[in-house]
Amino acid sequence: MTKPTTRSAKNRAAKNEATPATNDVDLPWWKPWLNHGIAGWTFDLFSSVKFGIWLLALLFIYSSIGSAGIVYPDFDAGTWNIFDPANWAHDQLRQWRGLEMTEFEWFHWWPFDLMMILIAINITVTTLRRIPFKSVNYGVWMIHSGILVLIVGSFIYFGTKVEGDTPVARRQVIATYEDVAADGTKSTREVSFLAAPGTRATSGEGADQVTFEVTTIDPEWELLTGEDKGKRAYSVTVAVTRGEKRYMRQLLVGYPQLTEDLIFTDDPQQPMKRSVKETGNPIFDASMAMRLDYEPQGYFYLRNELVKSWALYVRKPGDREWVERKIDGLPLYNDYIGDRDLVFQQGGDKQLPLDPLDVAVGPTSENDPFQDVEFRINGFLRYAIPRSRFVDGPAGSPLNPVAFVTVASDRGQRQDYRLVARDPDRASADGGLLRFVSIDNETQFAQFTRQPTITIRIPSKGIEIREEIRDVAAANPDAPFVEIKGTEEAGKAAYAYRVSNVRDDVPVGGATVSLAILEVRTPKGLFRRWVFSDPSLTRDVVQPDASDAHGAPTMQDDSIQTFYEPGNGLALVSLVYGPEEGRIRLVSAIGSDAKVVDLKPRETAPLAGGITVRVEELMPRAVLEVKPLVVPREQRERDAMEIFSQILVSAPNTPAEWLEFNRWVFNGPEDVLRRSPYKPMVMRLADGRDVELLFSRQRLPLGTDIALEEFILTSHVGGFTGAMSTIRDYTSAVRFRDPGSSWSEPTTVSVNDPIEHDGLWYFQAQWDPPDTSSDEGIRPSAGLNYTVLGVGNRNGVYIQLLGCVIAVAGMIYAFYVKPVIKRRRQEEVLAGLARNGRKVEA
Amino acid sequence: MNSHTILSRSMRVARSLVVAVVALITCATSLAPAQAQDAPASSTPAATPTATPTSNANAADAAKPFVERVDLKPLGTIAVQSDGRLKSLSSFAQEMMAFVSGPREINGQDPLFTYLDMLFRPDVYRDADVIYVKGAGPRKRIADALLAAATPESRAALDEQMKAFEKTGLISETLILKPESVAVLREMRGDLIRTEKVVRAIDSAITVKDPRFLLSKLKIVPRGDGDASQEWHGISAVMFADGKEPVPGSMLLLAENKGQPEDLSPEQAAVIGDAWRALVSGWLKGDSNAVNGAIATLGSELPKISAETYPDQTRLGWEYWYFKNDHMTRVWLVYMAASIFLLLGFVWKWPRARTIGLGIFGLAVLLHTIAVMLRWYIADRWPNSNMFEAVTTAAWMGAIGAVAIEWWVRKTAMFSLFALGAAVSGMVALMAAHFLPVQLNPAISNMMPVLHDVWLYIHTNVIIFSYVLIFMAAVSAGIYILHRTFGGAATYARVGGAASLIVSGSHGEERMAKGRAALGEILDGTTMVLMEISFVLLWAGIVMGAIWADHSWGRPWGWDPKEVFALNTFIVFAILVHVRLKAKDKGLWTAWLAVIGAAVMLFNWIVINFVITGLHSYA
């Protein structure tokens with residue numbers, strides 16, 4: 001192996017081939033100055049290829065740790081599979097406390113900018129100083145100048161970049177009606193609300209109150225009449241309750257003439273009928289005008305994943321418009337608290353470090369109604385959910401026994417319960433089979449050891465029956481009627497009854513009552529009797545409508561008297577707290593006789609059939625605390641991003657409160673999009689004023705209003721089945737309305753096919769999928785009621801592209817054209833030499 | 001230094017290399033996860049239905065087990081509608097069974113057989129080890145929990161079963177639903193970072209295994225009206241034809257009789273319904289003649305329902321063949337053979353080995369080309385939209401690229417080295433596709449909407465082509481490093497890469513002339529030729545990706561990890577180009593940087609894809 005000598009002429013020649021030095025050229029006047037002192041050293045440094053290499057290496061390291069973070073193999077014993085994510089550990093450096101940077105921020109931080117500037121200078125100086133501008137070097141010149149153009153373009157692009165998203169709903173419902181006040185004055189009221197299943201709105205007060213609720217939306221309603229028969233239209237059905245009037249109104253986009261009402265009937269077979277069939281008029285309530293209109297959107301919300309863009313919104317309660325306050329200095333990825341009592345953490349977790357924040361949020365807009373109030377944020381949680389938990393209160397706090405109970409079987413099944421004795425809603429579980437009660441004196445205890453008892457008296461016949469209730473029709477629909485002996489009369493059926501249900505501790509008007517519901521048959525007919533433990537409340541119910549139960553007691557047939565003594569209700573297992581402090585007894589009704597056992601916390605008591613009960617924890621004077629529960633890292637959904645964030649906010653001299661993040665800012669509950677939280681909070685300032693707060697992202701005006709004409713889902717063969725892989729494309733047909741003009745014709749935005757309007761580009765980002773929610777109180781949705789568009793600018797993108805193209809051309813030139821030029825020259829020289837008669841050696 | 005010594009040393013190195021490659025392959029083959037021999041010994045499903053061959057079956061056939069007497073081919077080539085695609089029932093069954101048993105085959109059975117058997121005789125599969133659990137850690141936790149709860153009597157048998165489970169990952173539904181396993185699964189479900197995915201896969205396995213699910217997915221009855229916007233009917237829609245014998249056994253309980261579809265004629269429904277019933281009853285009786293007859297009827301009658309809209313039978317037939325033959329990933333063996341001969345030919349300068357190596361390589365390229373074209377034909381789109389396709393198509397592009405370059409350098413000393421690089425990359429890629437079906441899922445599915453863009457074909461192919469060239473460059477660079485480690489001279493290709501060929505003429509009479517160039521020079525020249533092409537392609541590919549991203553995501557550059565690491569790979573090569581200007585030992589620097597560049601590229605493909613998924617989560 002020959003060790004090359006650095007100073008050898010041969011080497012210099014080889015070096016000069018690639019990077020010819022300029023030393024032997026006539027120097028201009030300023031060159032000597034650049035050859036001496038610091039200026040000379042700097043000039044040399046920036047014209048050094050080695051310096052460039054170091055900068056590139058640095059760029060590589062910076063990019064790697066900023067993008068992938070730190071990744072290292074963490075193989076399970078016995079596996080070698082590098083494709084298995086479980087075999088890798090990963091930590092994102094830029095997300096660490098103190099940095100809290102998004103990818104964009106990391107690559108926009110001053111060290112990165114500095115690096116790019118140094119690279120740009122290095123490339124410029126080296127190219128000018130070391131690479132003569134001649135045909136063999138055009139490639140290098142092009143590559144280097146392409147990179148420089150790209151750097152310039154990128155400074156413009158990233159320096160001016162804004163990017164966000166905007167939700168655009170398809171329609172709103174606008175209802176207009178005339179309201180007559182008590183003094184006879186008339187006024188026109190207008191109510192608007194989002195067309196989305198489940199949206200509710202109310203207007204007026206008291207007897208004049210009108211409520212609206214969107215019940216169903218069919219985006220593909222088939223027209224059955226008219227010229228357009230067979231076509232499909234977006235159909236919105238609204239339930240209206242206006243005093244005595246209750247009806248549904250169906251509105252169709254593009255067909256206001258086909259608007260019609262559906263009215264309620266008494267026919268159980270067909271509870272709703274078209275008004276036109278019943279009254280001859282398609283509109284049942286002509287004094288209520290309703291129409292569908294676009295829901296214009298004028299803002300877009302900046303993406304937190306790009307640059308942290310938090311904002312606090314304020315308004316006076318009752319106002320509609322929110323005013324934005326930008327929040328600077330709030331983190332994004334880690335939890336910051338100054339006191340661990342502020343949150344709940346899961347047991348066994350590593351405790352959160354104490355790392356308080358202090359971010360001032362002052363007014364940033366002239367319209368801010370609270371110019372004098374500066375809010376402070378003293379805590380931030382990346383991923384937390386509000387949770388209420390019981391804690392044992394101090395000795396003096398009111399009695400509120402809470403028990404954490406486990407029921408387990410010998411087959412490994414296990415169920416945990418939290419029971420609150422004094423809260424009728426939470427005192428029992430499993431349909432009332434297990435319950436927790438608290439007693440004030442020992443006489444009350446007897447109730448739990450006996451079955452509920454019904455007493456029936458028919459004074460005219462001198463009959464009195466007392467019977468324990470063991471079988472109820474609610475559990476056993478085949479439970480037979482019990483005929484009362486001695487009541488038979490010729491031609492008339494005997495008195496008979498059956499227990500339809502037993503409800504103990506039902507909350508009524510702040511108190512609790514117990515009742516048995518009986519079906520009673522007397523010569524006067526069949527009726528239902530609600531027999532309360534308080535006899536003054538007992539009444540007969542003719543209509544099976546619960547509202548009757550709150551009217552004055554009425555008796556269908558007072559020849560039969562009924563009384564109810566509550567026992568342990570339906571409970572198979574009752575846990576009875578008291579009357580002594582801390583005493584808890586287990587009453588088991590399994591089997592014929594009640595068994596009573598004194599139980600201590602964390603002591604297991606056997607029931608029948610291998611089932612055991614155990615009170616894990618008992619809090620006699622529990623206090624309910626509501627705090628955010630910090631979700632452990634490994635349980636956080638990756639796609640959730642910042643949507644479970646919370647901040648701890650306070651105003652001067654007010655206690656701090658947690659405020660949850662909202663993805664978008666809605667003016668009221670009637671504007672909220674499906675799956676989007678709307679969690680504003682009212683805070684009372686020290687001076688008694690109320691302020692409503694909402695935590696979300698900064699928003700920017702679009703400069704134009706945008707509306708969604710329709711949302712089109714195209715699918716592969718077989719149609720959309722609910723599986724994402726059956727979707728071919730998402731398309732939003734949108735309209736723009738610039739200030740002072742009307743809505744434009746619809747233009748479509750679909751995946752890979754954005755549109756530009758007024759300097760901003762609109763991209764198809766998200767959609768409203770069908771959602772057959774089975775959650776109580778949430779109406780199912782056929783979806784397609786809104787779209788979410790990505791919005792962004794792209795200044796300098798063509799400069800970037802130009803730079804890239806120049807660089808590609810340069811690479812091809814340098815690698816493949818330059819050698820051809822060289823070869824031609826070589827051949828010319830060889831040919832010349834040959835002409836001169838000199839022998840050439842290859 | 002004596003060049004003879006260097007060569008002989010290099011030969012020693014090369015010999016050890018060959019040994020290493022063979023050892024690697026042997027090792028990989030022994031790790032082969034699929035196949036029947038690995039099927040769990042302890043608890044397999046009862047072989048087949050009670051075989052009672054009918055009288056007309058000949059004696060030889062009668063001796064065969066039911067599974068072998070059943071001819072599933074006519075059924076395997078009918079179409080099923082699944083998630084917006086019409087695919088062959090065999091490929092669909094393979095996909096579905098992969099949800100249950102992961103990369104394992106049950107009893108060495110055709111997945112379609114398992115699918116039907118699981119549907120008709122679910123009880124048999126309840127205690128059989130058919131549910132795949134991924135990862136040694138989760139398997140151990142489940143096994144430990146089960147063993148801890150076992151009674152002393154059952155422990156010995158269970159111990160054996162758990163050993164098999166830890167090895168194959170297969171466990172029975174009965175065991176996985178035991179309270180002690182459920183408790184472990186509950187814990188694992190709570191860890192979204194590490195183990196939640198494993199539990200989700202188990203959940204899917206249990207769901208898919210359920211005969212109600214299996215039946216509901218059998219959407220094999222085309223619509224009589226040919227309406228493409230409506231779903232095909234499930235076989236259960238014709239299962240209850242009026243006045244007929246009900247489907248035997250528990251089948252009736254699996255589906256709700258919703259009445260006969262209006263778009264089907266009663267005659268059509270009756271024929272299909274009868275055949276299906278015959279299939280079920282024949283299967284339960286182990287009557288292969290009845291089963292084969294019913295299968296033949298279904299295979300011929302179903303396409304007749306809507307002949308115009310029914311997928312092309314030839315395509316379905318090829319799809320059946322392609323999936324039956326492991327997506328032709330076994331071609332890795334041909335690539336391996338080519339690699340060995342080419343390595344021998346290069347190191348020993350043994351022309352015959354090189355010729356044989358090139359011949360085998362040619363065969364491998366031909367087979368690989370057929371595989372890619374076949375997939376293109378079956379999927380009806382160029383195969384580059386999922387991990388399996390990206391890996392196999394990239395390797396194919398490398399092989400085709402190598403053929404082209406070989407022709408260009410045919411008269412130089414670099415001849416056959418590109419084929420060697422392509423053979424090694426082809427072998428590695430197809431091995432990955434063959435042995436890691438869980439990670440590189442071979443199923444053909446619809447592309448997500450964002451991929452429907454012309455730039456998918458331009459950007460992705462340019463990028464993956466550059467990646468395979470980078471890998472090939474790392475092969476020659478790796479050999480160079482070995483050559484130097486064992487004392488090879490610090491030579492390098494003087495002008496470098498393509499230039500050395502162009503400058504010295506296309507026949508490479510000068511530096512790269514055969515027989516004259518030093519080993520190091522040849523290897524360095526090969527690395528540089530590949531590096532230069534990939535350098536340009538990578539940059540162009542990144543730019544094309546930016547153009548696509550600009551109109552797809554609204555930003556040409558989003559600092560997504562996958563983008564950043566493509567750029568990082570380019571930065572390594574930019575460093576290489578500049579280091580080559582300055583370094584004294586150009587050859588060694590080039591080789592190391594080429595290897596580092598390839599490592600960064602592979603990091604991007606493996607770690608970024610599977611660990612740090614960003615926006616490019618689909619490829």
Side-chain angles (χ1 to χ4, degrees), chain A residues 1 4 18-19 49-50 52-53 56-57 59-60 63-64 67-68 71 76-79 82-83 85-86 88 90 103-104 107 163 412 634-637 715-719 721 723 725-730 751-752 754 761 763 790 792 797 800 804 807-808 811-812 815-816 819-820 822-823 842, chain B residues 1 81 83-86 135-137 179-180 190-194 228-232 436 439 445-446 449-450 452-453 489-490 498-499 502-503 509-510 532 535-536 539-540 543 550-552 554-556 559 561 564-565 567-568 571-572 574-575 578-579 581-582 584 606-608 610-612:
Chain A
M1 200 164 105
T19 56
V49 177
K50 265 190 191 158
I53 292 169
L56 283 177
L59 180 64
F60 174 84
S63 305
S64 301
S67 185
V71 183
D76 263 345
T79 63
I82 53 170
F83 293 97
W88 294 90
H90 177 224
E103 277 160 337
F104 185 93
F107 289 103
E163 196 182 317
E634 63 275 12
Q635 288 176 19
R636 299 179 182 185
E637 286 281 351
S715 53
H716 290 286
V717 61
T721 61
S725 58
T726 56
I727 298 171
R728 169 62 185 82
D729 206 355
Y730 312 92
V751 177
N752 283 323
W761 285 77
F763 302 84
V797 80
Q800 290 177 308
C804 293
V808 175
M811 285 171 202
I812 294 168
F815 289 145
Y816 304 106
V820 175
K822 276 191 156 182
R823 182 176 163 76
Chain B
M1 203 177 281
Q81 194 173 70
D83 291 345
R85 282 192 80 83
L86 290 168
E180 43 273 27
D191 188 340
L192 266 60
I193 298 172
R194 280 171 285 268
S229 67
Q230 302 283 319
E231 257 194 301
W232 278 19
L436 301 169
Q439 286 80 13
S445 51
N446 283 328
V450 71
H452 284 276
D453 198 279
I502 297 168
V503 172
E509 305 91 2
E510 295 168 19
E532 282 174 1
F535 189 78
V536 182
W539 179 257
V543 174
D550 182 47
H551 71 257
S552 182
R555 48 190 174 279
W559 300 110
V564 173
F565 272 83
L567 182 68
N568 271 345
I571 291 175
V572 173
I575 291 173
H578 290 93
V579 164
L581 289 177
K582 301 302 287 182
K584 290 164 202 153
I606 299 165
V607 181
I608 299 290
F610 290 100
V611 185
I612 310 160

Between B:N446 and A:S725 (side chain of the first, backbone of the second, donor and acceptor by atom type, cut-off under 3.5 Å), is there such a pair? yes

In terms of heavy-atom contacts, A:N752 and B:S552 come closest through OD1-OG, 2.8 Å

Measure distances from A:Q800 to the heavy atoms of chain B and classify the residue's part below 4.5 Å as side chain, backbone, both or neither. side chain

Can you tell which part of B:S445 gets under 4.5 Å to a heavy atom of chain A, answering side chain, backbone, both or neither? neither

Tell me, side chain or backbone of A:E163 under 4.5 Å from chain B's heavy atoms, or both, or neither? side chain

So which atom in B:A574 and which in A:L56 form the shortest heavy-atom distance, rounded to 0.1 Å? CB-CD1, 4.0 Å

Within the structure provided, determine whether A:S64 and B:F565 are in side-chain contact (heavy-atom separation under 4.5 Å). yes

What residue in A:A57, A:G792, A:A807, A:C804 has the most heavy-atom pairs under 4.5 Å with chain B? A:C804

Mind checking the CG-CD spacing from B:L192 to A:E637? Nearest 0.5 Å is all I need. 5.0 Å

Select one option (side chain, backbone, both, neither) describing which atoms of A:F60 are under 4.5 Å from chain B's heavy atoms. both

B:V579 versus chain A, heavy atoms under 4.5 Å apart: side chain, backbone, both or neither? both

I'd like to know which of A:G52, A:A68, A:G719 tops the heavy-atom pair count under 4.5 Å against chain B. A:A68

Check whether B:Q81 gets within reach of chain A through its side chain, its backbone, both or neither, counting any heavy atom under 4.5 Å. side chain

Answer yes or no: is there a side-chain heavy-atom contact under 4.5 Å between A:S63 and B:W559? no

With respect to chain A, which residue among B:V543, B:L567, B:L86, B:V564 yields the maximal number of heavy-atom pairs within a distance under 4.5 Å? B:V564

Evaluate the ring planes of A:H716 and B:H452, with Trp represented by its six-membered ring, and classify them as parallel (under 30°), tilted (30 to 60°) or perpendicular (over 60°). tilted

A:L59 CG to B:I575 CD1 distance, which is reported to the nearest 0.5 Å: 8.5 Å

Contact origin within A:V797 toward chain B - heavy atom pairs under 4.5 Å: side chain

Between B:P561 and A:S67, the two heavy atoms sitting closest are CA-OG, 3.0 Å

Over all heavy atoms of both residues, which pair between A:F763 and B:G554 is shortest? Give the atoms and the distance, please. CZ-CA, 2.9 Å

Please report the shortest heavy-atom distance between B:D191 and A:E634, naming the atom on each side. OD1-CB, 3.1 Å

Who among B:I571, B:V536, B:V572, B:N568 has the most heavy-atom pairs with chain A under 4.5 Å? B:N568

